[in-house]
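Working notes, beginning with the structure itself.
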Amino acid sequence: MKIEVSTNQFSEQKTPLLFIPLFEEEPGPSFEELNKILEGLASKWLGKDAGKANQIINITPWTGVKADRLALIGLGKKSEFNAEKLRQAAGKAACHAAGLKEKEFSFLLPNILEQGEESIAATEGFILGSYRYDRFLTEKKPNVEAVSLLGGDKKSVETGRILAEATAFARDLVNQPPNSLTPETFAEIAEETAKELKLSCTVLGEVEMKELGMGGILGVAAGSSKAPKLIVLEYGKKAKAEKNEKPIVLVGKGITFDSGGLCLKPREGMEEMKDDMSGAAAVLGAMRAIAKLGLKRHVVGLIPTCENMPGGNAFRPSDILNISGKTVEIGNTDAEGRLILADALAYAKRFDPAVTIDLATLTGACVVALGSHATGMMGNDDELKSRIKKAGEETNERVWELPLWDEYTDQLKSDVADCKNIGGRWGGAITAAAFLAKFAEGPWVHLDIAGTAREDKGRPYTPKGGSGVGVRLLTKLVSDWK
Ligand code: BES
Ligand code: MN
Ligand code: ZN
């Protein structure tokens with residue numbers, strides 16, 4: 001999508017469709033000016049709901065403006081206005097324009113927040129709101145191709161573009177069907193990204209995994225005909241060399257399909273388990289954004305990826321796996337994510353991380369607890385948790401903390417091994433995190449994105465399907481790091 005900034009007066013803007021912001025209760029200066037130009041026409045169109053967030057009022061002007069059509073776009077109450085309101089309105093605008101089969105439109109910024117902040121949020125909204133996954137459609141639907149942002153700032157538009165395109169990249173990975181996105185093709189995509197953005201990239205296979213004692217991922221992958229991979233990406237070696245900077249290590253669960261293994265999932269909803277690599281997609285997307293923005297940080301991305309399938313070679317309930325020297329009794333083969341993450345967390349230690357953050361569609365229990373409006377957060381470091389919470393609020397990829405007390409760890413006790421991979425019926429999101437904690441070293445936070453990784457209904461800038469959650473959150477975290 002082409003997005004250009006313009007300094008034109010809105011009345012001078014030649015465009016097929018012009019969006020004008022409108023606040024609830026106090027319409028705002030651009031509205032009053034518009035109403036004057038249109039000789040009072042605009043106010044005639046205002047119902048009592050005018051200005052409500054994301055509400056659109058269409059106007060066909062016959063005088064005063066050079067736009068063919070006008071649309072008043074509601075931003076809610078002025079006192080409650082923030083970047084998220086604008087992101088949503090911009091997303092709605094892009095959908096509305098696409099619905100009208102317009103290939104281009106213009107959008108007037110409200111000019112209430114800082115210019116850069118508004119430009120970033122609007123750009124994110126346009127690109128993410130018009131996102132479609134049409135790779136496998138023989139006939140593609142037309143979409144918006146160009147936007148003029150009145151009152152926008154060019155540099156901030158480019159920042160917004162990087163963030164939104166990296167999020168769209170993650171959505172593409174999540175939406176890609178599992179017969180097309182396999183551990184091998186995932187590794188190829190990571191290698192292409194690394195080549196494009198000059199990251200270093202190494203892909204470990206089964207031989208290296210055996211040498212390293214990675215019994216978790218080897219166990220999970222055993223039932224699949226597809227070989228497991230551990231993708232290792234590194235960015236910012238310069239920051240490392242110059243400042244001897246310890247890296248921020250990002251780990252993402254990359255199960256390309258989770259059938260449950262021998263503890264097979266019910267058939268209803270099983271198709272959703274193609275999303276089980278959303279954590280991995282978030283990490284690769286964030287690495288893209290971090291590199292494209294040229295952030296001056298040392299960041300490592302670790303992506304363990306494999307498939308969880310039943311079969312003659314599959315791992316079984318009651319098997320005991322050895323993960324980096326710890327023995328783990330398998331209580332359920334569907335609790336596979338924590339096993340591959342354990343290997344990756346143990347591998348992270350060699351980078352001597354400043355902090356380690358993992359993202360995973362880890363538990364249905366987290367969805368029961370928080371629904372789809374918050375990512376579950378658990379970890380061992382208050383400072384890191386508060387940084388993530390703040391980044392979550394700023395990007396509206398919100399997180400909510402659950403406790404990680406010792407009693408939850410006790411639920412993982414096994415009679416025959418050092419621990420079990422399941423902790424019983426209750427507190428499932430937390431016992432999963434308690435399992436991971438056994439393998440993490442130093443400041444560490446786990447983000448359970450099982451509820452936030454996919455959108456079921458469609459929201460203003462998040463159509464149905466993979467949401468790309470985590471990309472903007474992690475990038476914000478890294479860019480604000482001090
Ligand atoms: N990938 C699933 C978790 C999941 C569930 C993600 C729903 C998104 C939506 C994970 O591997 C899993 O199967 N977890 C089990 C754990 C249980 C066996 C302890 C679960 O949540 O039921
Ligand atoms: Mn599972
Ligand atoms: Zn899973």
Side-chain angles (χ1 to χ4, degrees), residues 174-175 178 181 183 186 216-217 219-224 228 251-282 303-310 314-319 321 328-344 358-376 378 402 408-409 411-412 414 419-436 446-456 464-467 469-470:
V174 176
N175 293 333
L181 187 73
F186 204 129
I217 190 165
V220 175
S224 167
V251 181
K253 172 178 173 183
I255 296 288
T256 57
F257 189 74
D258 181 13
S259 71
L262 288 175
C263 303
L264 197 65
K265 286 180 183 292
R267 64 178 175 273
E268 290 81 27
M270 197 196 272
E271 70 281 0
E272 288 179 11
M273 286 302 124
K274 74 166 182 176
D275 300 359
D276 214 16
M277 33 52 69
S278 298
I303 299 176
T305 173
C306 70
E307 207 180 32
N308 188 19
M309 298 290 270
F315 76 138
R316 319 158 185 80
S318 78
D319 273 359
L321 305 181
V328 179
E329 180 193 359
I330 302 305
N332 190 323
T333 62
D334 200 8
E336 84 298 337
R338 62 198 77 184
L339 302 171
I340 73 167
L341 289 170
D343 282 325
D358 76 76
L359 288 90
T361 45
L362 205 61
T363 66
C366 190
V367 193
V368 173
L370 299 174
S372 61
H373 308 298
T375 289
M378 287 141 276
L402 301 172
Y408 293 104
T409 311
Q411 287 181 232
L412 296 166
S414 160
C419 70
K420 231 169 146 160
N421 77 329
I422 50 170
R425 188 167 159 78
W426 309 114
I430 306 176
T431 51
F435 181 88
L436 298 179
H446 158 62
L447 297 173
D448 194 331
I449 57 171
T452 48
R454 80 177 284 123
E455 172 55 37
D456 289 326
K464 280 184 202 172
S467 66
V469 74

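Just follow the structure's listing: the first ligand is 1, and inside any ligand the first atom is 1.
Around the Mn ion (ligand 2), protein atoms of type N, O or S found under 2.8 Å number 4. If you count the protein N, O or S atoms nearer to the Zn ion (ligand 3) than 2.8 Å, you get 4.
Residues Thr452 and Thr375 have side chains that bring a donor and an acceptor to within less than 3.5 angstrom of each other. Looking only at atom types and distance, the side chain of Ser259 has no donor-acceptor partner in the side chain of Asn308 under 3.5 Å away.
Remark: ligand 1 and Glu336 share an N or O pair separated by less than 3.5 Å (distance only, no angle test). Here's the thing with Thr363: none of its N/O atoms is less than 3.5 angstrom from an N/O atom of ligand 1. Between Thr361 and ligand 1, a contact under 3.5 Å exists for at least one N or O pair. In terms of N/O distances under 3.5 Å, ligand 1 is not approached by Met273.
Looking at Asn308 against ligand 1, nothing comes within 4.0 Å, counting heavy atoms.
Atom 19 (C) of ligand 1 has its closest protein heavy atom at Ile422 CG2, 3.6 Å.
Ligand 1 places these atoms under 4.0 Å from at least one heavy atom of Lys253: 1 (N), 10 (C), 11 (O). Interface atoms of ligand 1 facing Lys265, defined by a heavy-atom separation under 4.0 Å, are 12 (C), 13 (O).
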Going through the distances and angles, do Glu307 and Lys274 end up as a salt bridge (charged side-chain N to carboxylate O under 4.0 Å, His left out)? CA-CA 10 Å; Glu307 207 180 32; Lys274 74 166 182 176; over 6 Å; no

